[in-house]
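Report on the following structure.
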Amino acid sequence: MIIEQPAKWLRWLYPKATWRMDPSERSVYLTFDDGPIPESTPFLLETLRHYGVKATFFVVGENVQKHPDLFRQIIEDGHQVGNHTYHHLGSFKHWAATYLIDTFKCQQMIGLPPPYWPTHYRPTTYRPTPQPLPCREGSEMPDLVENLEESQAEKVSTPLPTREGQGGGSAGAGSVGAVPPLFRPPHGWLRHSVYYWLSKEFRIVMWDLVTRDYSKWLTADDVYENVRRYARNGSIITFHDSLKSIDKLHTALPRSIEWLQEQGYEFRTF
């Protein structure tokens with residue numbers, strides 16, 4: 001249970017992170033880590049589209065660069081995107097500055113902070129739009145990333161899209177920054193020095209239920225049973241957009257969504 005549903009002491013390590021949403025609301029938050037990749041992302045999007053569910057994809061910047069069409073499809077389907085570092089780095093294996101640079105490189109690849117991607121954005125062509133590093137006014141973060149080479153992000157002239165149909169109006173690109181972009185650390189761990197800096201610039205999203213769909217010791221039935229056993233009001237449920245998970249998710253994801261719907265859960269994004 002310490003893995004599927006983190007114990008309180010683990011949540012206390014990162015008190016500013018989001019581990020669970022409002023426990024008084026009958027809702028869950030589906031999230032997918034590590035994509036996009038052609039072996040799994042299309043199936044996930046097709047399944048979510050079939051059930052009318054929106055989710056949050058924590059993408060790896062390197063995969064976005066390799067598969068921009070898949071990233072575009074995530075956006076076009078109205079899903080939310082978050083930062084999962086550029087190279088899927090483990091925080092304890094790298095210097096803090098290296099990890100921070102890698103994280104902000106990913107943010108440049110995905111362009112806008114996730115809450116402001118439009119729900120009906122249909123460009124005829126798409127290329128990730130690098131934006132200035134999303135450091136808030138007065139932050140010391142630019143000192144840590146000032147040596148990030150311009151070659152790490154392709155310069156393009158694609159205009160910033162606006163989000164239409166939200167709240168009876170539209171929010172232009174000038175609104176970007178009002179809500180911090182989302183970040184989830186690979187493997188769910190951060191050095192506290194990195195956590196200190198990233199919590200100033202991002203909303204760090206962990207999980208309330210990790211399905212362990214990546215485990216070679218679990219079957220599709222086991223993954224589904226983890227959802228049935230641990231899902232609750234406000235659960236942030238973590239699946240994986242990866243080669244290790246996709247065979248199980250062909251069965252477990254549709255069954256999990258159907259069961260959650262039968263239990264009356266609403267599917268939300270952050």
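Everything numeric in this text was worked out from a predicted model, so none of it was measured.
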Kindly say whether [Y] contributes a backbone atom to a donor-acceptor pair with the side chain of [X] at under 3.5 angstrom?
X    : Y    : answer
D241 : D33  : no
K248 : K244 : yes
S215 : W217 : yes
S245 : S242 : no
R232 : V28  : no

Would you mind reporting whether [Y] and [X] have side-chain heavy atoms less than 4.5 Å apart?
X    : Y    : answer
T103 : H84  : no
E25  : R268 : yes
P36  : V64  : yes
V81  : F71  : yes
P38  : H67  : yes
M21  : F270 : yes
W207 : R20  : no

Please report the closest heavy-atom contact between [X] and [Y], naming both atoms and the distance.
X    : Y    : answer
V227 : W259 : O-CZ3, 4.0 Å
S193 : A96  : OG-CB, 3.8 Å
L249 : P254 : O-CD, 3.3 Å
C106 : G61  : SG-N, 3.6 Å
G90  : Y99  : C-CE1, 4.0 Å
D34  : N63  : O-ND2, 2.7 Å

Using the ring of each side chain (for Trp, its six-membered ring), is F183 parallel, tilted or perpendicular to F202, with breaks at 30° and 60°? tilted
Parallel, tilted or perpendicular: which fits the ring planes of W189 and Y14, with parallel below 30° and perpendicular above 60°? perpendicular
Salt bridge flag under 4.0 Å for residues [X] and [Y]:
X    : Y    : result
R11  : D208 : yes
R49  : E46  : no
E4   : R212 : yes
K105 : D102 : no

Please determine whether residues [X] and [Y] belong to a single hydrophobic cluster, defined as Ile, Leu, Val, Met, Phe, Trp and Tyr linked transitively by side-chain heavy-atom distances below 4.5 Å.
X    : Y    : answer
L218 : Y230 : no
L70  : F239 : no
V223 : Y265 : yes

Distance (rounded to the nearest 0.5 Å) between [X] [atom1] and [Y] [atom2]:
X    : Y    : atom1 : atom2 : result
N83  : E201 : CG    : CD    : 12.0 Å
S199 : I204 : OG    : CD1   : 5.0 Å
L190 : L13  : CG    : CG    : 10.5 Å
T219 : E225 : OG1   : CD    : 9.0 Å
I74  : L44  : CD1   : CG    : 8.5 Å
I236 : L209 : CD1   : CG    : 10.5 Å

Determine whether the side chains of R203 and T18 contain a donor N or O and an acceptor N or O closer than 3.5 Å. yes
Verify whether one side chain among Q73 and D69 offers a donor that lies under 3.5 Å from an acceptor in the other. no
For F32 and F58, run ring-ring contact (aromatic ring centres under 6.0 Å, His included): C-alpha distance rounded to whole Å, both residues' side-chain angles, the deciding distance at 0.1 Å, then the answer. CA-CA 6 Å; F32 296 88; F58 287 93; over 10 Å; no
For residues 51-61, which residue pairs pass the side chain to side chain donor-acceptor pair (under 3.5 Å) check, not counting sequence neighbours? Y51-E258, T56-Q80
Show, in sequence, the C-alpha distance, side-chain angles and deciding distance for F57 and I110, and conclude whether the side-chain contact (heavy atoms from CB on, under 4.5 Å) test is met. CA-CA 11 Å; F57 286 77; I110 65 179; over 6 Å; no
What verdict does the side-chain contact (heavy atoms from CB on, under 4.5 Å) test give for T238 and M206, after you've listed the backbone C-alpha separation in whole Å, the side-chain angles of each residue and the deciding distance to 0.1 Å? CA-CA 9 Å; T238 299; M206 295 297 199; over 6 Å; no
Show your reasoning for whether side-chain contact (heavy atoms from CB on, under 4.5 Å) applies to L48 and I257. CA-CA 9 Å; L48 294 171; I257 291 176; 4.1 Å; yes
Criterion side-chain contact (heavy atoms from CB on, under 4.5 Å) on L30 and F267, from CA distance to verdict: CA-CA 7 Å; L30 296 189; F267 294 87; 3.8 Å; yes
